[in-house]
Amino acid sequence: MTGPVVVVGDTLLDRDVEGAVNRLCPDSPVPVLDESTAVDRPGGAGLAAVFAAAQGVEVALVTALADDAGGARLAELLAAAGVQVYALPLRGATCEKIRLHARGRVLLRHDRGGADGEPGEPSEAVLRLLAAASAVLVSDYGRGVARQPALRAALAATRAPVVWDPHPRGPAAVPGVHLATPNESEVRELVKAAPGASRLATASRGAQELRRRWRAGAVTVTLGGDGALLCHAGSTPLVVPAPASAEGDTCGAGDRFAATAAIALSRGALVSEAVQEAVTEASRYVAAGGVAAALPAPVRAAAAPPSRPGGPRIGVAAAAEVVAGVRAGGGTVVATGGCFDLLHAGHVATLEAARQLGDCLVVCVNSDASVAGLKGPDRPVVPQGDRSRLLAALGCVDAVLVFDEPTPEAALTWLRPDVWVKGGDYAGGGEPALPEAEVLRRWGGHTVVVPYLDGRSTTDMIAAARATGGTSGLRTPGRRVGVDADGTTIKGAR
């Protein structure tokens with residue numbers, strides 16, 4: 001099959017905080033960590049999708065994203081990694097796992113996000129995606145995506161090889177999966193071990209029981225630095241040793257293993273070949289330094305942005321509050337986007353027309369860096385903080401969101417508007433589809449064009465002002481006017 005590798009599961013937001021401990025807290029005998037660096041990354045199914053995309057294959061991720069800052073951050077990081085995100089709505093908050101490190105050792109893990117949320121229904125686009133996949137990896141982290149009934153039915157019906165990476169709190173694998181990949185601690189939770197049995201005997205017995213229980217083609221139990229044990233046809237298991245013993249951070253090694261096995265199966269490998277390839281890759285991953293070294297450059301570059309204050313109706317929190325309220329009432333979310341440099345009557349006409357199409361309007365604004373990349377180093381004339389405030393002051397605008405890359409893909413993936421609006425004329429049916437149309441189709445959204453006022457152009461206004469000497473306050477090369485103030489930034493696809 002020639003479709004994408006599809007990863008299905010729960011995505012978490014992981015943050016690794018590195019610092020130094022030089023003293024104890026004066027009011028309690030606990031160490032004080034002085035933070036030096038912090039790196040955000042997708043966790044769970046999101047990390048498996050990032051690993052798969054880094055191996056040069058087309059990857060789509062079916063996951064659930066919440067209407068909060070954590071969901072927005074995940075959309076940004078996944079887009080930076082080149083992962084196509086098919087987001088299900090998620091009731092509740094994004095699950096976050098924060099690890100505090102000192103001298104390379106984890107001092108504490110702080111989890112937040114509360115109880116598991118309830119993922120919403122998949123769109124028709126998601127069901128078509130699963131039917132056309134070259135392989136599917138279910139990366140279950142026990143938070144509900146793998147339990148979604150419509151997704152389970154689609155997973156059971158797909159003709160693609162399915163790899164199921166289970167979780168003890170999650171559901172059973174759907175019948176007929178090609179390969180399940182529990183680690184040995186998960187096997188011990190899922191299958192009661194015989195007293196006094198050896199490690200290999202426990203792994204073998206557990207794999208055979210899970211294979212029977214789930215009606216799986218094969219089950220491989222990962223054994224850390226000792227490789228993996230594979231049970232498939234026949235009564236004798238296959239032990240695949242690691243090529244070399246490696247010491248290091250094993251966080252994410254299971255995701256690396258499962259992603260590698262899924263890609264191998266998508267290329268036509270036998271299950272035994274896929275497991276051997278996965279053992280080799282997971283061992284190499286740990287030896288090379290684990291997740292810190294394995295993250296692709298675009299994700300590392302997108303990590304830990306500086307906090308930027310918002311303002312009334314500006315930023316991720318403001319947009320999340322508006323969108324969540326409208327969705328709770330069964331309303332229609334509308335979004336539009338652009339540079340909006342030198343706000344003029346044409347912009348206002350487009351925004352007013354867009355607001356009439358639904359129950360709220362969120363405006364996605366190109367950041368200063370994005371505008372400069374699109375239009376040249378002498379743009380924008382007005383910095384993003386001022387542009388955001390001007391837009392937020394309009395009665396037809398409910399929230400403003402700033403994104404940092406040429407396209408708003410990450411912002412749209414998180415917002416999931418019902419309608420995306422662009423300004424234009426009704427020149428006929430021969431116009432090409434808007435570039436955002438494919439992204440909107442992932443969750444069943446629609447793109448439309450509304451009329452604009454002819455003869456209004458920011459570029460023409462700037463040229464006219466400079467031609468007549470009215471350049472006071474305009475940004476010129478090498479000179480920056482204003483400061484980057486409000487507006488939480490969401491980075492899009494690279």
Side-chain angles (χ1 to χ4, degrees), residues 65-69 71-76 79 85-89 120 123 125 310 312-340 343 346-367 370-371 384 387-388 390-424 433-452 487-493:
L65 294 181
D67 293 326
D68 60 9
R73 183 69 172 140
L74 284 171
E76 170 191 347
V85 180
Y86 288 71
L88 311 178
S123 66
R313 301 198 288 181
I314 300 172
V316 167
E321 182 178 1
V322 167
V323 169
V326 169
R327 286 195 178 122
T332 298
V333 176
V334 181
T336 189
C339 299
F340 298 100
L343 189 66
H347 292 141
V348 175
T350 296
L351 295 171
E352 289 177 336
R355 182 60 177 82
Q356 294 177 22
L357 298 176
D359 299 286
C360 72
L361 175 62
V362 180
V363 181
C364 301
V365 181
N366 295 73
S367 71
S370 177
V371 176
Q384 67 191 46
R387 288 184 282 128
S388 298
L390 287 169
L391 288 163
L394 297 176
C396 57
V397 175
D398 296 280
V400 177
L401 196 61
V402 180
F403 65 94
D404 202 33
E405 296 293 334
T407 74
E409 180 180 346
L412 290 176
T413 297
W414 172 64
L415 286 170
R416 299 184 309 281
D418 302 293
V419 183
W420 172 254
V421 179
K422 294 294 285 185
L434 294 175
E436 297 85 2
E438 181 57 38
V439 178
L440 269 288
R441 277 194 284 269
R442 296 177 189 173
W443 57 87
H446 304 280
T447 55
V448 300
V449 176
V450 298
Y452 65 89
T488 303
T489 297
I490 294 183
K491 294 185 179 179

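Here, residue 1 is the first one in the sequence, and each next residue gets the next number.
Considering CZ of R327 and CG of D359, their distance stands at 12.0 Å, rounded to 0.5 Å. Here R355 contributes atom CZ and T336 contributes atom OG1; the two are 13.5 Å apart, rounded to the nearest 0.5 Å. Within the model, atoms CG of L415 and CH2 of W420 stand 8.5 Å from one another, a figure rounded to the nearest 0.5 Å. Distance check: E409 CD to L440 CG gives 11.0 Å after rounding to the nearest 0.5 Å. Taking SG of C339 as the start and CZ of R387 as the end, the distance is 6.5 Å to the nearest 0.5 Å. To the nearest 0.5 Å, the span separating CG on D67 from CD on E321 amounts to 11.5 Å.
Summarising the geometry of F340 relative to V363, their closest heavy-atom pair is CE1-CG1, 3.5 Å, with the distance given to 0.1 Å. Residues T350 and P451 approach most closely at OG1-O, 4.1 Å, considering heavy atoms. Counting all heavy atoms, side chain and backbone alike, V322 lies closest to C360 at CG1-CB, 3.7 Å. For the pair E405 and S370, the tightest heavy-atom approach, listed with the atom from each and the gap, is O-OG, 2.8 Å. The shortest non-hydrogen separation linking A319 to A399 is CA-CB, 3.8 Å. Summarising the geometry of L65 relative to A75, their closest heavy-atom pair is CD1-CB, 4.3 Å, with the distance given to 0.1 Å.
No side-chain donor-acceptor contact under 3.5 Å links R442 to the backbone of A125. In this structure a side-chain-to-backbone donor-acceptor pair under 3.5 Å is present from R416 to W414. Using a distance-only test at 3.5 Å, with no hydrogens or angles considered, no donor-acceptor pair links the side chain of D398 to the main chain of V362. Remark: side-chain polar atoms of W443 are paired, donor with acceptor, to backbone N or O of P417 under 3.5 angstrom.
For E76 and R73, the salt-bridge test passes: some basic side-chain N is under 4.0 Å from an acidic carboxylate O.
Between L391 and L351, the closest side-chain pair of non-hydrogen atoms falls below 4.5 Å. Within the 4.5 Å cutoff, no side-chain heavy atoms of L74 are placed close to those of V85. Residues V316 and L401 form a side-chain contact, since some pair of their non-hydrogen atoms from C-beta on lies under 4.5 Å apart. With contacts defined as side-chain heavy-atom distances shorter than 4.5 Å, the pair V402/S388 qualifies.
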**Request:** For side chain to side chain contact (heavy atoms under 4.5 Å, CB included), just list the numbers for F403 and V365, CA-CA rounded to whole Å, side-chain angles, deciding distance to a tenth of an Å, and then say yes or no.
**Result:** CA-CA 6 Å; F403 65 94; V365 181; 5.7 Å; no
**Message:** Please evaluate residues L343 and L394 with respect to the criterion side chain to side chain contact (heavy atoms under 4.5 Å, CB included), reporting the C-alpha separation (whole Å), side-chain torsions for both, the decisive distance (0.1 Å), and the verdict.
**Reply:** CA-CA 11 Å; L343 189 66; L394 297 176; 4.2 Å; yes
